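Order of the sequence lines sets the chain letters (A, B, ...), proteins ahead of strands, with each chain counted from 1. Here the structure is a predicted model, which means the values were calculated and not measured.
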Number of protein chains: 2
Amino acid sequence: MSERSGVSVASVKYYLREGLLPPGVTVSARKAEYDEDHLRRLRLIRALLTVGGMSVAQARDVLAAAHDPAFDRHTRLGVAQYLLPPHVTAPPEETAEGAAWRERRTEVLALLRDDLGWQIHDEAPALDALTEALITLNSLGYETTTASLRDYAHALRPIAENELRLIDEHPAIDEAIEAVVAYTVLYEPVLLSLRRLAHEDVSARLHPPSST
Amino acid sequence: MSERSGVSVASVKYYLREGLLPPGVTVSARKAEYDEDHLRRLRLIRALLTVGGMSVAQARDVLAAAHDPAFDRHTRLGVAQYLLPPHVTAPPEETAEGAAWRERRTEVLALLRDDLGWQIHDEAPALDALTEALITLNSLGYETTTASLRDYAHALRPIAENELRLIDEHPAIDEAIEAVVAYTVLYEPVLLSLRRLAHEDVSARLHPPSST
């Protein structure tokens, strides 16, 4: 299996020991057989740990949810996304800072849910990251209005639709989760660098070089 | 100055010594006077080093360009953006990997310039970051088509236009550069978390919970 996947024997043994990879079918005392499902699972484990930056415990939770018959596809993919970094910690509830933080989070969730009609879970980690970013901007004197947040959300929605469509081209759950990790994480630099390149273009148009 | 800016005396002295902050007007052997320009500059230095994550040498280059009369506003803002992390290093030119890397970069630049008409400098660091991300995706089996890249670019362009308009509300160059750093860096988590929340909404609609 190590040979076919390019993953070291030590890593494969480690994943077996940690329960990430189910044992193969034992054919003799020193040999077990592994099939295509094992290889696919191994690929997913690598994606969770390396591309996704998850801990072994987090990867184990993703895999458990992926194969729990109580969960539907939306929940299985959602567990994978929720366990991807970053995880922002709110300031303690009893402080003034913590109270303001929670208030801001509630406002943002209301904007997304009531104003845009987005179906978002109360505990979405991305909502914490968003709140934290808006509070930092505010503290430096850069206000973000509801209107501007709505503009960002509208610009990003079609991107998300395309990505989900591509993820859904993988009916097998292990492959779909791998795609969630790959799309979520690896397209982030694509978005951010295209935005910087767009800045450059817009700036060149707004400030053409004075002809000298 | 330390009192009014909230920056420690040790930091102010360090910035003076490193030539980031110009000396105040000496009024006695142990006292110098600082004006509003100094405070504004101090705010910018903090933004470059903390929010922007630049080294002192990089911040010095940004400040030198900002006050070099040979440069126009587009170039001054551009230097600030170019010195913001991340800076991706291409694989060595003489390797097969390096050749493929450069080929991909040329293709992406052609798409942006010829196809979309964007005015992008050959050496834009964001082009390196974009190339690297596309190559990583490719190596994991996730192809990015020209059409999909164009979709991302089109989705991000209006965002960039709004942001540049807000940056241009600051005519003073020190303030404008601070805004470039703040918008570029601090809106990144806003974009990324809104995209993840949009994923969640789209997924919920594509996979409604089966009524049991």
Is chain B contacted by the side chain of [X], its backbone, both, or neither, given a heavy-atom distance below 4.5 Å?
X        : result
A/Leu166 : neither
A/Asp168 : side chain
A/Glu143 : backbone
A/Thr75  : neither
A/Tyr142 : side chain
A/Tyr183 : both
A/Leu116 : neither
A/Ala179 : both
A/Leu206 : side chain
A/Ile167 : neither
A/Leu130 : both
A/Val88  : neither
A/Pro86  : both

Quick one, B/Ile177 and B/Leu63 - any side-chain contact, counting heavy atoms below 4.5 Å?
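Counting from C-beta outward, B/Ile177 and B/Leu63 never come under 4.5 Å.
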
Does any part of the side chain of B/Leu83, heavy atoms only, come nearer than 4.5 Å to the side chain of B/Leu48, both counted from C-beta?
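Counting from C-beta outward, B/Leu48 and B/Leu83 never come under 4.5 Å.
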
When you measure from the side chain of [X] to the backbone N and O of [Y], does any donor-acceptor pair fall under 3.5 Å?
X        : Y        : result
B/Arg196 : A/Thr184 : no
A/His74  : B/Pro208 : no
A/Arg76  : A/Phe71  : yes

Which one of [options] has the most heavy-atom pairs closer than 4.5 Å to chain A?
options                                : result
B/Ile120, B/Leu197, B/Ile159, B/Leu156 : B/Leu197
B/Gly78, B/Pro125, B/Ala124, B/Ala182  : B/Ala182
B/Leu140, B/Leu164, B/Thr144, B/Asp128 : B/Leu164
B/Glu161, B/Arg73, B/Gln81             : B/Gln81

With a 4.5 angstrom heavy-atom cut-off, which part of [X] approaches chain A: side chain, backbone, both or neither?
X        : value
B/Thr131 : neither
B/Val51  : side chain
B/Leu112 : side chain

Answer with yes or no whether the side chains of B/Trp101 and B/Glu132 bring together a donor and an acceptor at under 3.5 Å.
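Yes, because at least one side-chain N or O of B/Glu132 sits under 3.5 Å from a partner of the opposite role on B/Trp101.
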
Check the side chains of B/Glu200 and A/His121 for a donor-acceptor pair under 3.5 angstrom, ignoring hydrogens and angles.
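The criterion, which ignores hydrogens and geometry beyond distance, is not satisfied for B/Glu200 and A/His121.
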
Looking at B/Arg43 and B/Asp174, does any basic side-chain N land under 4.0 Å from a carboxylate oxygen?
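Salt bridge flag = no for B/Asp174 with B/Arg43.
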
What I want to find out is whether A/Arg41 reaches A/Asp35 closely enough, with some N-O distance under 4.0 Å, to be called a salt bridge.
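No.
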
Once you round to the nearest 0.5 Å, how far does CD of A/Glu163 lie from CZ of B/Arg195?
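Here the interatomic distance stands at 4.0 Å.
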
Spacing of CZ belonging to A/Arg102 relative to CD belonging to A/Glu93, to within rounding of 0.5 Å
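Between atom CZ of A/Arg102 and atom CD of A/Glu93 there are 4.5 Å.
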
Do B/Asp122 and B/Arg113 pass the salt bridge (Lys or Arg N to Asp or Glu O under 4.0 Å) test, and can you show the C-alpha distance, the side-chain angles, and the key distance before you say yes or no?
CA-CA 10 Å; B/Asp122 260 332; B/Arg113 272 193 189 157; 3.4 Å; yes

